[in-house]
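What follows is a set of notes on a single structure, which appears directly below.
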Amino acid sequence: RGYHDLAEEHCDRLAKSTSSSDVRRSIPLVRAEVMVAQAETETDLKLAIAAIDKAGEMLGQFVKENPSHSRASEARTSLGWLLKRKAQFLSAASGIEREPAEVAKFQAETLKTYVATEDFYRGCIKDLQAVTPQTPEIENAVMEARIDLPKAMMEHARLPAVDARETAA
């Protein structure tokens with residue numbers, strides 16, 4: 001609701017006051033959620049994209065440092081959602097940009113990001129299916145990735161026909 005600074009202050013206080021290591025390790029997840037909320041309310045698309053990137057870095061770091069945390073599978077699937085959201089922001093930026101060179105740049109970046117999103121979801125599904133034991137959280141994360149992959153593919157398919165793998169090279 002626009003109280004991003006207050007949420008950050010609360011995270012700071014929580015980090016200093018809690019003795020629970022599980023809560024302390026979850027704080028980066030909350031900070032990433034705050035950053036995503038900021039991106040969603042940001043009127044400058046470049047700043048929104050930067051916030052999405054920062055939130056993605058935070059989630060990636062959380063997954064790397066806490067692979068067995070109860071919210072790690074949630075964080076992993078959120079990374080895919082963030083990639084898709086970034087592609088949507090980039091697509092919007094290409095729609096409002098007036099300079100043809102900038103439009104082309106945003107379109108190429110949009111395509112690359114959709115390809116990365118699809119590749120991420122495929123890898124996520126494969127990685128999560130290999131985890132044993134299969135907890136309900138992991139099964140839900142696999143299901144979410146299976147649902148989100150075709151959504152990203154559909155959004156990608158609606159874009160102008162340019163092979164993003166060529167532009168990624």
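Along the sequence shown, residues carry numbers from 1.
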Using the side-chain contact (heavy atoms from CB on, under 4.5 Å) rule, take W81 and V36 through it: C-alpha gap first, then chi angles, then the decisive distance, then the call.
CA-CA 11 Å; W81 181 88; V36 170; 3.7 Å; yes
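- Contact between L79 and G60 at its shortest, heavy atoms only, is CD2-N, 3.8 Å.
- When all heavy atoms are compared, the tightest approach of E137 to S70 is CG-O, 4.2 Å.
- Side-chain contact between K84 and Y114 is present, with at least one heavy-atom pair separated by less than 4.5 Å.
- Contacts of Y121 classified as ring pair (Phe, Tyr, Trp, His ring centres under 6.0 Å), with partners at least two apart in sequence or in another chain: none.
- Checking T117 against H156 by side-chain atom types alone, no donor-acceptor pair falls below 3.5 Å.
- Ion pairing between R158 and E155 fails under the 4.0 Å rule for side-chain N and carboxylate O.
- The side-chain heavy atoms of F89 and E109, taken from C-beta on, include no pair separated by under 4.5 Å.
- When every heavy atom of A145 is checked against every heavy atom of I125, the shortest pair comes out as CB-CG1, 3.5 Å.
- Between the side chain of T110 and the main chain of F106, a donor-acceptor pair closer than 3.5 Å is present.
- Within the cation-pi definition used here (under 6.0 Å to the ring centroid, within 45° of the axis), R122 does not qualify as a partner of F120.
- Residue Q88 comes nearest to R85 through the heavy atom pair OE1-NH1, 2.9 Å, listed as atom of the first residue, atom of the second, then distance.
- A donor-acceptor pair shorter than 3.5 Å cannot be found between the side chains of E57 and Q61.
- From S78, atom OG reaches atom CG of L29 across 7.5 Å, with rounding to the nearest 0.5 Å.
- E97 has no carboxylate O lying under 4.0 Å from a charged side-chain N of K105, or vice versa, which leaves the two without a salt bridge.
- S26 has its side chain within reach of H69: a pair of non-hydrogen atoms, C-beta onward, lies under 4.5 Å apart.
- Summarising the geometry of A32 relative to A55, their closest heavy-atom pair is O-CB, 3.7 Å, with the distance given to 0.1 Å.
- When all heavy atoms of L128 and I138 are compared, the pair lying nearest together is O-CG2, 3.5 Å.
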Given S94 and E102, is the side-chain contact (heavy atoms from CB on, under 4.5 Å) satisfied, shown in steps?
CA-CA 7 Å; S94 72; E102 287 294 307; over 6 Å; no
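- At least one side-chain heavy atom of R146 sits less than 4.5 Å from a side-chain heavy atom of Q129.
- With contacts defined as side-chain heavy-atom distances shorter than 4.5 Å, the pair D148/T77 does not qualify.
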